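Dropping the structure in here first, questions after.
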Amino acid sequence: MEPHGPGSVLFGCELTASTKSYTFQVDEQDDFEHVLALSVVCLTDGAKDECNVVEVVGRNHENQEIAVPVANLKLSCQPLLSLDNFKLQPPVTFRLAAGSGPVHLAGWHQIVHREDASFEEDDDLSEEEEEEEEAELAPIMPAKK
């Protein structure tokens, strides 16, 4: 495989009390589409029995920074969380918002040549067709008492 060519590359990072954040960046000038698919977030050796909150920090459609918690791990009740290849568009920052870790994040950095990248739409419906489809749904009736 080419060093920066198409394919999937294993991704991993660790958040700790001394390294509370990690930013995943790519060269946006290349001819590739990059997606980070997170598989698992877990506490690793040395973690205390405390709440460890992991946030994903990114930008919304108005280019404003937003932080969204994706995991709250605790050694005694939930030391691991499967994220089922939760897809993120780089650049993205992972931050340990609470706790001292260590928390390990693992997943896949997927690289696709832009010409091959096809965005999977549900069906190529126009906005009008989508509105018509939504209008066909039966209204929800209140429960009878």
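Keep in mind that what you see is a predicted model, and the values were worked out from it rather than measured.
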| task | To the nearest 0.5 angstrom, please state how far the CZ atom of R95 sits from the OG1 atom of T23. | result | 9.5 Å
| request: Quick one: closest heavy-atom pair of V35 and Q89, and the distance? | output: CG2-OE1, 4.3 Å
| query | Considering all heavy atoms of both residues, which atom of T93 and which atom of S21 are nearest to each other, and what is their separation? | reply | CG2-CB, 4.1 Å
| Hey, any chance L38 and I66 share a hydrophobic cluster, counting ILVMFWY side chains that come within less than 4.5 Å of each other, even indirectly? | no
| Do V56 and F94 have side-chain heavy atoms sitting under 4.5 Å apart? | yes
| Which atom of S8 lies closest to which atom of Q110, heavy atoms considered | OG-CG, 3.6 Å
| note | Correct closest heavy-atom pair for E55 and A97 would be CD-CB, 3.5 Å
| task | State, yes or no, whether a side-chain contact exists between V57 and E65 at a heavy-atom distance under 4.5 Å. | result | yes
| query | Side-chain contact, heavy-atom cut-off 4.5 Å: F32 with V112? | reply | no
| query | Can you tell me how far the OG atom of S76 sits from the CG atom of L43, to the nearest 0.5 Å? | reply | 10.0 Å
| request: List the atom of A71, the atom of L81, and the distance in Å for their closest heavy-atom pair. | output: CB-CD2, 3.7 Å
| query | Do V54 and V40 belong to the same hydrophobic cluster, where Ile, Leu, Val, Met, Phe, Trp and Tyr are linked whenever their side-chain heavy atoms lie under 4.5 Å apart, directly or via other members? | reply | no
| query | Is it true that a side-chain atom of E14 and a backbone atom of P102 form a donor plus acceptor pair closer than 3.5 Å? | reply | no
| request: Determine yes or no for a side-chain-to-main-chain donor-acceptor pair under 3.5 angstrom, with D84 supplying the side chain and S82 the backbone. | output: no
| query | Do the non-hydrogen side-chain atoms of L96 and T16 ever get within less than 4.5 Å of each other? | reply | no
| query | Honestly curious: do W108 and V41 fall in one hydrophobic cluster under the side-chain, below-4.5 Å linking rule? | reply | no
| query | If you count the non-hydrogen atoms of other residues, nucleotides and ligands that lie under 6.0 Å from NZ in K20, is the total more than 12? | reply | yes
| Side-chain donor/acceptor of D49 to backbone N/O of K74, under 3.5 Å | no
| said: Looking at Q25 and V92, would you say the former's side chain and the latter's main chain have a donor-acceptor pair under 3.5 Å? | reply: no
| said: For residues V53 and L83: do they belong to one hydrophobic cluster (side chain heavy atoms under 4.5 Å, members Ile, Leu, Val, Met, Phe, Trp, Tyr)? | reply: no
| query | Which word best sums up how the rings of F11 and Y22 line up, parallel for under 30°, tilted for 30 to 60°, or perpendicular for over 60°? | reply | tilted
| task | Examine L73 and L80 and state if one hydrophobic cluster contains both, with Ile, Leu, Val, Met, Phe, Trp and Tyr joined whenever side-chain heavy atoms are less than 4.5 Å apart. | result | no
| note | Residues G107 and L10: closest non-hydrogen pair is O-CD1, 3.5 Å
